[in-house]
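Contents: one structure, followed by commentary.
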Amino acid sequence: MNKAVFLDRDGVINEVLSNRVKFVNKPEQMYLLEGVGEAVKLLNDAGYFVFVVTNQGGVGLGYMKEEMLLKVHEKMKHDIEEYGGKIDDIIYCPHKPHAGCACRKPEPEMLHQLAKKHNVNLNESFMIGDRDVDIQAGKQAGTNTILIGDEKELADFQFRSLYEAAFWITQK
Ligand SMILES: [Mg+2]
Ligand SMILES: [Zn+2]
């Protein structure tokens, strides 16, 4: 079976609520955080699948069309490839935040779908996010969990950046 690192998108891969971008609704608002391309490459080279698992309620709320979201993701993949990193798959929940869908994090459904599709052992895998819902989704799916940010109440581990997390994972 394979092992994987599931990445939340906003706040882990790219800037949000920074001084130059609020939310990412267009490709030109996609700014990778420092070290992200290198981090993905480290994980690729260590034999992890790298997946993006993201709640995109802005689609359901009408702030962004699904085609535009796909363009944003093309830009993200392209920017990461500039550093030699490869995103193996992307899954998103396009539903409104309170629609009660089965896929929106903290539900583990999106992780389960990717795990099934790519034959991933969740116990040997990691979910990395910057919010509690990411950590809860990882816990419910049975992955190890890493929070990027300050408090790690729920998460198993905590780092300041994706690069630091990836470096630690690949040195284990
Ligand atoms: Mg986030
Ligand atoms: Zn959903």
Side-chain angles (χ1 to χ4, degrees), residues 4-27 29-37 39-40 43 50-70 72-73 75-77 79-80 85 87-117 122 125-141 143-166 168-169:
V5 178
F6 298 89
L7 303 176
D8 170 47
R9 198 194 81 182
D10 297 324
V12 172
I13 291 178
N14 58 270
E15 292 183 16
V16 275
L17 304 175
S18 68
N19 46 22
R20 56 183 169 178
V21 58
K22 197 168 170 199
F23 300 110
V24 183
N25 292 327
K26 299 177 198 163
Q29 294 167 330
M30 167 59 60
Y31 294 101
L32 295 186
L33 289 162
E34 198 182 338
V36 162
V40 172
L43 296 168
V50 179
F51 301 133
V52 175
V53 177
T54 179
N55 287 347
Q56 291 299 324
V59 174
L61 291 169
Y63 298 135
M64 176 179 37
K65 292 231 158 74
E66 207 153 349
E67 312 148 66
M68 192 57 81
L69 178 62
L70 298 177
V72 168
H73 287 165
K75 170 83 159 65
M76 175 184 72
K77 285 200 280 189
D79 289 354
I80 290 171
I87 298 294
D88 293 293
D89 211 341
I90 300 174
I91 193 166
Y92 58 87
C93 165
H95 306 114
K96 283 184 201 169
H98 300 289
C101 70
C103 42
R104 188 177 169 86
K105 293 176 288 185
E107 296 305 319
E109 176 59 24
M110 293 194 285
L111 284 79
H112 283 308
Q113 277 189 34
L114 286 173
K116 193 170 171 201
K117 181 175 171 186
L122 289 163
S125 299
F126 292 84
M127 174 73 215
I128 305 182
D130 67 334
R131 305 183 74 171
D132 283 351
V133 291
D134 305 314
I135 304 309
Q136 287 160 349
K139 294 227 160 202
Q140 292 199 71
T143 69
N144 301 285
T145 56
I146 297 177
L147 187 84
I148 303 302
D150 297 329
E151 346 165 357
K152 80 161 187 71
E153 275 173 49
L154 297 171
D156 299 318
F157 307 99
Q158 182 251 320
F159 293 94
R160 282 176 302 176
S161 67
L162 180 59
Y163 186 83
E164 286 187 17
W168 175 78
I169 288 171

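Each ligand, and each atom within it, is numbered from 1 in the order the structure gives. Quick note: residue numbers are just sequence positions, from 1. Quick caveat, the model's predicted, so the values are computed rather than measured.
Inter-residue side-chain proximity for R104 and H95 is flagged as unmet; no heavy-atom pair is nearer than 4.5 Å. No side-chain heavy atom of D79 sits under 4.5 Å from any side-chain heavy atom of N14.
Residues Q136 and Q140 bring no donor and acceptor atom of their side chains to less than 3.5 Å of each other.
At a cut-off of 2.8 Å, D134 is not counted among the residues with an N, O or S atom near the Mg ion (ligand 1).
Ring geometry for W168 against F126 counts as perpendicular: the plane angle is over 60°, on a 0 to 90° scale with 30° as the lower cut.
Shortest distance from the Mg ion (ligand 1) to D10 is reached at O (N/O/S atoms only). Looking at D8, its N, O or S atom nearest to the Mg ion (ligand 1) turns out to be OD2. The nearest N/O/S atom of D130 to the Mg ion (ligand 1) is OD1.
Listing protein N, O or S atoms at distances below 2.8 Å from the Zn ion (ligand 2), with waters left out, gives C93 SG, H95 ND1, C101 SG, C103 SG.
D134 places a side-chain N or O within donor-acceptor distance of the main-chain N or O of R131, the cut-off being under 3.5 Å.
Distance check, rounded to the nearest 0.5 Å: CZ of F159 to CD1 of I148 gives 8.0 Å.
Taking 4.0 Å as the cut-off between side-chain N and carboxylate O, K117 and D89 count as a salt-bridged pair.
In this structure, K96 places its NZ atom where only 12 or fewer heavy-atom neighbours from other residues, nucleotides or ligands lie under 6.0 Å away.
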